[in-house]
Amino acid sequence: MNYWLIKSEPDAFSIDDMEKAGTEPWDGIRNYQARNFMRDGMEVGDLALFYHSNCKPPGVVGVVKVASRPYPDHTAWDASAKYYDPKSSEENPRWIMVDFEFVEKFSEIVPLDQLKVTPELEGMLTLRKGNRLSITPVEEAHFKQILDLTK
DNA sequence: GCCAACGTTGGC
DNA sequence: GCCAACGTTGGC
């Protein structure tokens, strides 16, 4: 069992969209580190914090669950798609994705400001200055600490 | 809108 | 393999 944090811009896809969708293919990941986390680390049933980025305020707004094994991201093959990558092919897919399933929406956001001042979360990858990864692993203790902050 | 941080690209 | 130029992310 591993824990993760995934970022999404609420203007593009929010926790409410996630709740409506129920299950959502997480396509469009075009970063090797994030891809490798999905490929090498994610297991069906893993839990992930759902984080709203690029908004006011940014922060953790809920929990989702890994609902599939990694599989090729076909949007990379579609020349008209936003995340088209000519270097990826059906024979040799460069990018992958997983499905996420809605688990929970917090009654209130846990804002980034609060994460930053919580001593137990010191060292969390997402809090590191300049971190732009859209998928990061989260330590179990940190994951549980953030759930505690919602109570 | 600004800009720091970081990843990617491509010339050499 | 180096590194400058460029693009993107995301907090502020």
Side-chain angles (χ1 to χ4, degrees), chain A residues 2-21 24-42 46-66 70-139 141-150:
Chain A
N2 297 306
Y3 297 92
W4 308 93
L5 180 146
I6 62 172
K7 292 181 189 171
S8 187
E9 301 192 9
D11 286 347
F13 194 80
S14 70
I15 187 71
D16 291 322
D17 297 324
M18 185 74 221
E19 182 168 17
K20 269 179 235 156
E24 179 73 10
W26 211 247
D27 59 21
I29 300 295
R30 298 291 179 270
N31 171 283
Y32 288 105
Q33 265 184 285
R35 179 200 70 182
N36 294 348
F37 286 136
M38 285 195 288
R39 186 188 62 194
D40 305 329
M42 276 193 190
D46 283 357
L47 295 176
L49 300 165
F50 196 99
Y51 179 93
H52 278 176
S53 67
N54 228 329
C55 59
K56 283 183 180 178
V60 179
V61 290
V63 176
V64 295
K65 179 165 71 175
V66 177
Y71 59 99
D73 184 343
H74 56 81
T75 66
W77 307 331
D78 177 357
S80 66
K82 182 181 178 191
Y83 294 109
Y84 174 61
D85 180 355
K87 292 171 188 163
S88 183
S89 66
E90 290 194 47
E91 299 72 34
N92 191 14
R94 169 176 300 210
W95 304 110
I96 56 165
M97 58 185 172
V98 299
D99 294 343
F100 285 113
E101 185 186 325
F102 176 82
V103 173
E104 171 187 11
K105 178 189 170 181
F106 299 155
S107 54
E108 287 178 51
I109 187 171
V110 179
L112 177 61
D113 284 347
Q114 190 181 1
L115 301 180
K116 282 180 176 170
V117 298
T118 303
E120 291 85 352
L121 296 176
E122 204 179 324
M124 205 180 145
L125 274 179
T126 319
L127 302 182
R128 281 215 344 234
K129 193 179 178 184
N131 175 55
R132 303 179 319 172
L133 266 183
S134 57
I135 297 179
T136 49
V138 175
E139 291 172 28
H142 289 165
F143 187 91
K144 293 184 171 166
Q145 179 65 41
I146 289 170
L147 292 190
D148 276 349
L149 293 178
T150 68

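Protein chains get the first letters and strands the later ones, always in sequence-line order, with residue 1 at the start of each.
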>> Angle between ring planes, A:Trp95 versus A:Tyr32, binned at 30° and 60°: parallel, tilted or perpendicular?
In response: tilted
> Quick one: is A:Lys7 getting a side-chain N or O under 4.0 Å of the C:dG10 phosphate, OP1 or OP2?
Replying inline: yes
>> Please compare A:Tyr83 and A:Asp113 by the position of their nearest nucleotide in DNA chain C and report the one closer to 5'.
In response: A:Tyr83
> What closest approach, in Å, do A:Val110 and A:Ile146 show between heavy atoms, and which atom pair accounts for it?
Replying inline: CG2-O, 4.4 Å
> To the nearest Å, how far apart are A:Leu5 CG and C:dG10 P?
Replying inline: 10 Å
> Rounded to the nearest Å, what distance is computed from the CD1 atom of residue A:Ile29 to the P atom of nucleotide C:dT8?
Replying inline: 16 Å
> Could you give the CG-to-C1' distance, from A:Leu133 to C:dG10, as a whole number of Å?
Replying inline: 13 Å
>> Whole angstroms only, please: what is the CG-P distance between A:Leu127 and C:dC12?
In response: 11 Å
> How long is the line joining CG of A:Leu125 and P of B:dC6, in whole Å?
Replying inline: 12 Å
> Between C:dG10, B:dG7, C:dG11, which nucleotide gets closest to the side-chain atoms of A:Asn31?
Replying inline: B:dG7
>> Measure CD1/A:Ile109 against P/C:dG11 and give the value in whole Å, please.
In response: 10 Å
>> With a 4.0 Å limit, can you tell me whether A:Lys129 has a side-chain N or O closer than that to the phosphate oxygens OP1/OP2 of B:dC3?
In response: no
> Rounding to a whole Å, what distance do you find between A:Arg30:CZ and C:dT9:P?
Replying inline: 12 Å
> Given that A:Lys87 and A:Asn54 both sit by DNA chain B, which one's nearest nucleotide is further toward the 5' end?
Replying inline: A:Asn54
>> As an exercise, state the distance from CD1 of A:Ile135 to CZ of A:Phe37, rounded to the nearest 0.5 Å.
In response: 9.0 Å
> If we ignore angles and hydrogens, is there a donor and acceptor under 3.5 Å between the side chains of A:Arg30 and A:Thr75?
Replying inline: yes
> Should the ring pair A:Phe13 and A:Phe50 be called parallel, tilted or perpendicular, given that the plane angle runs from 0 to 90° and is split at 30 and 60?
Replying inline: tilted
> Rounded to whole angstrom units, what separation is found between the CZ atom of A:Arg132 and the P atom of C:dT8?
Replying inline: 10 Å
> Between B:dT8, C:dC12, B:dG7, which nucleotide gets closest to the side-chain atoms of A:Gln33?
Replying inline: B:dG7
>> Taking 4.0 Å as the cut-off, does a side-chain nitrogen or oxygen of A:Tyr51 come that near to OP1 or OP2 on C:dG11?
In response: yes
